[in-house]
Student: 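Would you mind keeping the following structure in view while I ask a few things?
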2 protein chains.
Amino acid sequence: MGSCEVLSLPTSCEDMKRFVERSSRTSTVLIVGVAEIEYRGRAASYAAPAPRLVVLKPDGTLLVHENVKREPLNWQPPGAVHSYSCEEGFVIRSVRRSPREEVRIVLRGVELVAACRLASTELHVYGREEDLARLVVQNPHVVEPGAVVVGREIRTPFGKIDVLLRAPDGRLLVIEVKNEKATVASVAQLKRYVEYYRERGIDAVGVLVAPGISEEGRRLLMKEGFRLVDSSSFTSAKTRSLESYITR
Amino acid sequence: MGSCEVLSLPTSCEDMKRFVERSSRTSTVLIVGVAEIEYRGRAASYAAPAPRLVVLKPDGTLLVHENVKREPLNWQPPGAVHSYSCEEGFVIRSVRRSPREEVRIVLRGVELVAACRLASTELHVYGREEDLARLVVQNPHVVEPGAVVVGREIRTPFGKIDVLLRAPDGRLLVIEVKNEKATVASVAQLKRYVEYYRERGIDAVGVLVAPGISEEGRRLLMKEGFRLVDSSSFTSAKTRSLESYITR
DNA sequence: GCCTAGGTCCCGTTG
DNA sequence: CAACGGGGCCTAGGC
């Protein structure tokens with residue numbers, strides 16, 4: 001269907017400017033060339049001229065990539081406004097407000113300019129914390145026999161509680177779910193929620209549902225008298241749903 | 001210097017395979033085409049065939065971008081190993097161990113294939129927490145007149161303390177530095193450090209150095225009797241150094 | 001807009 | 001290797 005348009009080089013800066021202005025509204029523009037980059041905003045940085053890849057997306061996203069790393073060297077998130085000019089070279093100025101941030105790129109030796117219409121889909125990712133929380137809600141007995149679900153994503157002044165259960169003896173079970181190994185910060189988070197109830201005279205106990213915990217996390221957990229439920233016990237079910245999902 | 005090589009299309013899958021295998025050791029490879037993507041690892045996802053940009057870096061990084069968002073739809077961090085084959089289309093298989101993760105991309109309608117040698121530099125970003133902590137170490141009096149520096153990045157079982165000061169009255173001042181507005185989690189972190197000392201019978205007080213704090217953060221801060229030092233008071237100095245830096 | 005928390009977070013550093 | 005915390009984190013969801 002021919003969704004890419006490649007600008008034939010060499011060309012004048014003005015031609016490049018016209019090409020990019022025209023195509024960047026609907027297409028993702030790729031530019032490879034010697035780029036000098038200044039960034040000022042929440043922090044600041046300067047990168048001396050070197051060959052880099054610049055990606056401009058129609059939603060205002062700006063990416064500057066080098067030969068290494070998953071992360072761009074410099075960037076602008078969606079919503080930034082780009083403007084182009086011909087000065088010391090082809091200049092891209094990308095501005096974002098709130099927070100006010102600006103990236104200025106000077107391109108000199110341009111090697112490749114292409115504009116491609118790409119998709120913008122919603123990717124469903126399976127196997128996140130939300131999925132694990134759902135499993136807990138559907139099987140509260142894995143935390144404690146006879147426990148019943150009180151609520152999900154309960155808001156407190158200190159954040160949302162993943163799952164709230166009530167044990168047969170009346171105590172509240174505050175459940176914090178972690179998809180990956182829990183850390184000391186996970187336990188601290190749980191502690192904030194439990195203290196919120198205890199300060200209101202409600203008997204609550206913290207329960208961490210995670211596939212494991214760091215040594216320091218365990219220490220704090222013990223000190224607070226909280227419990228750890230190993231979620232690997234029901235990862236088989238998780239894997240099964242995952243398989244059915246991935247194979248369409 | 002001609003650092004980009006563009007594969008002329010259309011071409012056979014075998015030619016593409018050879019081109020990518022050859023160039024991907026030293027160059028960043030850009031492929032635009034209709035891509036179908038499966039990911040399995042810490043989570044799992046499936047993306048139906050659609051036009052997308054695939055970036056392969058020599059360090060093993062894999063990126064799949066669409067028309068929107070700063071974040072790639074799918075990816076593999078540095079260290080992944082890519083292999084290529086011709087099956088239902090041009091197939092890229094990218095495997096990472098620890099954690100074991102795999103991305104499989106099937107490319108059918110290929111629109112653009114280019115390989116470019118890009119730079120790999122070290123970018124110095126100025127204005128991060130480290131810089132603010134340095135300012136505190138150099139000017140402990142902004143926290144408390146007469147305070148002296150005890151240490152920096154002190155390790156406790158609950159994490160590293162940014163700066164530790166001793167007040168003229170002998171009390172320890174545990175300083176937590178935040179480059180941006182502090183949150184409830186920042187205060188909780190500080191609380192862990194202070195409690196560490198108090199449990200050992202050492203009189204300690206928490207001080208948060210930040211350009212501001214969220215309302216809930218402030219509430220917890222008050223409750224704990226900690227102090228907030230507004231770092232905007234010495235951002236002028238920060239800005240000055242930043243200016244001298246950015247203008248080379 | 002602020003605030004909270006998750007993320008296939010990535011990334012560097014240290015033990 | 002694990003663990004911890006920063007990051008210009010980004011992104012989604014509430015309010």
Side-chain angles (χ1 to χ4, degrees), chain A residues 39-45 61-62 68-80 96-103 122-123 125-133 153 155-162 176-186 189 192 212-218, chain B residues 39-45 61-62 68-80 94 96 98-103 122-123 125-133 153 155-162 176-186 189 192 212-218:
Chain A
Y39 155 70
R40 297 152 166 280
R42 287 169 289 183
S45 68
T61 298
L62 166 73
V68 291
K69 304 247 177 84
R70 200 209 81 135
E71 292 303 301
L73 186 73
N74 286 106
W75 72 89
Q76 206 64 288
R96 167 199 196 187
R97 338 85 159 73
S98 182
R100 166 85 191 184
E101 302 204 279
E102 181 172 342
V103 175
E122 288 278 316
L123 184 68
V125 178
Y126 192 85
R128 294 185 302 184
E129 188 184 295
E130 189 190 340
D131 304 297
L132 196 50
E153 308 216 332
R155 281 186 62 89
T156 76
F158 304 115
K160 265 186 292 187
I161 294 170
D162 291 333
E176 174 68 25
V177 177
K178 289 291 163 193
N179 201 19
E180 294 187 85
K181 202 174 215 185
T183 70
V184 65
S186 320
Q189 193 180 342
R192 289 204 297 277
I213 188 165
S214 73
E215 202 40 57
E216 297 307 341
R218 183 182 297 278
Chain B
Y39 155 70
R40 296 150 167 280
R42 288 168 288 182
S45 67
T61 297
L62 166 72
V68 291
K69 306 248 175 82
R70 199 208 83 136
E71 292 303 300
L73 186 73
N74 287 107
W75 72 89
Q76 204 67 287
S94 173
R96 167 199 196 186
S98 182
R100 166 85 192 185
E101 302 202 278
E102 181 173 341
V103 175
E122 288 278 317
L123 184 68
V125 179
Y126 192 85
R128 294 185 303 182
E129 188 182 294
E130 189 190 339
D131 304 297
L132 195 50
E153 309 219 331
R155 280 187 63 91
T156 76
F158 304 115
K160 265 186 290 188
I161 294 170
D162 291 333
E176 173 69 25
V177 178
K178 288 292 163 193
N179 201 18
E180 295 188 82
K181 201 173 213 185
T183 68
V184 63
S186 321
Q189 193 179 344
R192 290 204 297 276
I213 188 165
S214 73
E215 202 40 58
E216 297 307 341
R218 183 183 297 277

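Sequence lines set the chain letters: A, B, ... in the order given, protein chains first and strands last, and positions in each chain run from 1. None of these values were measured; they are calculated from a predicted model. Hydrogens, waters and symmetry mates play no part in the numbers below; they use all other heavy atoms, side chains included.
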Student: Provide the distance between the two C1' atoms, one in C/dG6 and one in C/dC10, to the nearest whole Å.
Tutor: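 Pairwise C1' distance, C/dG6 against C/dC10, rounds to 14 Å.
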Student: Check whether any side-chain heavy atom of A/Asp162 lies under 4.5 Å from a side-chain heavy atom of A/Leu132, and answer yes or no.
Tutor: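 No - every pair of side-chain heavy atoms lies 4.5 Å or more apart.
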Student: Report which part of the nucleic acid B/Glu101 touches: base, sugar-phosphate, or nothing (heavy-atom distance under 4.0 Å, all strands).
Tutor: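 Base, at least one base heavy atom under 4.0 Å.
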Student: Looking at C/dA5, I'd like to know if its phosphate oxygens (OP1 or OP2) sit under 4.0 Å from a side-chain N or O belonging to B/Thr183.
Tutor: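 For C/dA5, OP1/OP2 do not have a side-chain N/O of B/Thr183 under 4.0 Å.
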Student: Would one find a side-chain N or O of B/Trp75 under 4.0 angstrom from OP1 or OP2 of C/dC9?
Tutor: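 So the side chain of B/Trp75 is outside the cut-off, no N or O lying under 4.0 Å from OP1 or OP2 of C/dC9.
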Student: If the P atom of D/dC4 is compared with that of D/dG8, how far apart are they to the nearest Å?
Tutor: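 Between the two P atoms, the distance is 22 Å.
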Student: Give the minimum heavy-atom separation between A/Arg42 and A/Arg96, together with the two atoms involved.
Tutor: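 Scanning both residues, the minimum pair turns out to be NH2-NH1, 3.1 Å.
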Student: From C-beta outward on A/Glu129, which listed nucleotide comes closest to its side chain: C/dG6, C/dC2, D/dC4?
Tutor: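 Side chain of A/Glu129 sits closest to C/dG6.
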Student: Do the side chain of A/Asn179 and the base of C/dT8 come within less than 3.5 angstrom through a donor-acceptor pair of N or O atoms?
Tutor: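 For A/Asn179, whose side chain was compared with the base of C/dT8, there is no donor-acceptor pair (under 3.5 Å).
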Student: Roughly how many Å is it from NZ in A/Lys181 to C1' in D/dA3, rounded to a whole number?
Tutor: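 It is 8 Å, rounded to the nearest whole Å.
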Student: To the nearest 0.5 Å, tell me how far A/Arg155 CZ sits from A/Ile161 CD1.
Tutor: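 One finds 11.5 Å between CZ of A/Arg155 and CD1 of A/Ile161.
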Student: So B/Glu130 and B/Glu153, do their side chains get closer than 4.5 Å, heavy atoms only?
Tutor: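 In short, these two side chains do not touch, never coming nearer than 4.5 Å.
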Student: Let me spell it out: for each of B/Glu216 and B/Pro78, pick the nucleotide of DNA chain C with the closest heavy atom. Which residue's pick is nearer the 5' end?
Tutor: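 Result: B/Glu216.
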Student: Among C/dC11, D/dA3, D/dG8, find the nucleotide with the atom closest to the side chain of A/Arg70.
Tutor: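 The closest nucleotide is C/dC11.
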Student: Specify the closest pair of heavy atoms between A/Thr61 and A/Pro78, including all atoms of both residues, with the distance to one decimal.
Tutor: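 That would be OG1-CG, 3.3 Å.
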Student: Check whether any side-chain nitrogen or oxygen of B/Lys69 sits under 4.0 Å from OP1 or OP2 of D/dA12, and answer yes or no.
Tutor: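 Indeed, a polar side-chain atom of B/Lys69 lies that close.
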Student: D/dC1 P sits how many Å from B/Arg96 CZ, rounded?
Tutor: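 From B/Arg96 CZ to D/dC1 P: 11 Å.
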Student: If you compare every side-chain N and O of A/Arg128 against the phosphate oxygens of C/dT8 (OP1, OP2), does one of them come in below 4.0 Å?
Tutor: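 Yes, because at least one side-chain N or O of A/Arg128 sits under 4.0 Å from OP1 or OP2 of C/dT8.
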Student: What is the separation between atom CD1 on A/Ile161 and atom P on C/dT4, rounded to the nearest whole Å?
Tutor: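 Checked: the CD1 to P distance equals 15 Å.
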Student: Once you round it to whole Å, what is the distance between P of D/dA12 and CG of A/Asp131?
Tutor: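 Result: 17 Å.
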Student: Ignoring backbone atoms, establish whether B/Lys178 has a side-chain N or O less than 4.0 Å from OP1 or OP2 of D/dG6.
Tutor: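 Yes, B/Lys178 has a side-chain N/O under 4.0 Å of OP1/OP2 on D/dG6.
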Student: Across the strands shown, which category fits B/Glu176 at heavy-atom distances under 4.0 angstrom: base, sugar-phosphate, nothing?
Tutor: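 B/Glu176: backbone/sugar contact only, no base atoms under 4.0 Å.
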Student: In whole angstroms, how far is the P atom of C/dC2 from the CZ atom of A/Arg155?
Tutor: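 These atoms are roughly 16 Å apart.
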Student: For the CZ atom of B/Arg192 and the CD atom of A/Glu216, what is their distance to the nearest 0.5 Å?
Tutor: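 Between atom CZ of B/Arg192 and atom CD of A/Glu216 there are 11.0 Å.
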Student: State which of C/dA5, D/dC10, C/dT8 makes the closest approach to the side chain of A/Arg192.
Tutor: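 Nearest listed nucleotide: C/dA5.
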Student: May I have the distance from B/Glu130 (atom CD) to C/dG12 (atom C1'), rounded to whole angstrom?
Tutor: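 Going from B/Glu130 (CD) to C/dG12 (C1'), I get 11 Å.
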Student: Quick check on DNA chain C: between A/Val177 and B/Glu122, whose nearest nucleotide comes earlier from the 5' end?
Tutor: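 Going by which nucleotide is closer to the 5' end, it is A/Val177.
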Student: Taking only N and O in the side chain of A/Ser214, is any of them less than 4.0 Å away from OP1 or OP2 of D/dC4?
Tutor: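 Yes.
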Student: When you check the phosphate oxygens OP1 and OP2 of C/dT4, does a side-chain N or O of A/Gln189 lie under 4.0 Å from one of them?
Tutor: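 Looking at the OP1 and OP2 atoms of C/dT4, neither is under 4.0 Å from any side-chain N or O of A/Gln189.
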Student: Just wondering, do A/Glu102 and A/Arg100 contact through their side chains at under 4.5 Å, heavy atoms?
Tutor: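 Yes, at least one pair of side-chain atoms sits under 4.5 Å.
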Student: Mind checking A/Val184 for me? I need base, sugar-phosphate or nothing, with any heavy atom below 4.0 Å counting as a touch.
Tutor: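 A/Val184: backbone/sugar contact only, no base atoms under 4.0 Å.
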Student: With a 3.5 angstrom cut-off on both distances, give the Watson-Crick or G-U wobble partner of D/dG8, or none if there isn't one.
Tutor: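 When the pairing criteria are applied, nothing turns out to pair with D/dG8, so the answer is none.
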Student: Looking only at side-chain atoms of B/Arg42, point me to the closest of C/dA5, D/dC10, C/dC9.
Tutor: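 Closest nucleotide to the B/Arg42 side chain: C/dC9.
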Student: Roughly how many Å is it from CD in B/Glu153 to P in D/dC4, rounded to a whole number?
Tutor: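 B/Glu153 atom CD is separated from D/dC4 atom P by 16 Å.
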Student: Scan B/Arg100 against the nucleic acid and name what it touches under 4.0 Å (heavy atoms): base, sugar-phosphate only, or nothing.
Tutor: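 Contact class for B/Arg100: none.
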Student: Taking atom C1' of D/dT11 as reference, at what distance in whole Å does atom CD of A/Glu71 sit?
Tutor: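 Between C1' of D/dT11 and CD of A/Glu71: 13 Å.
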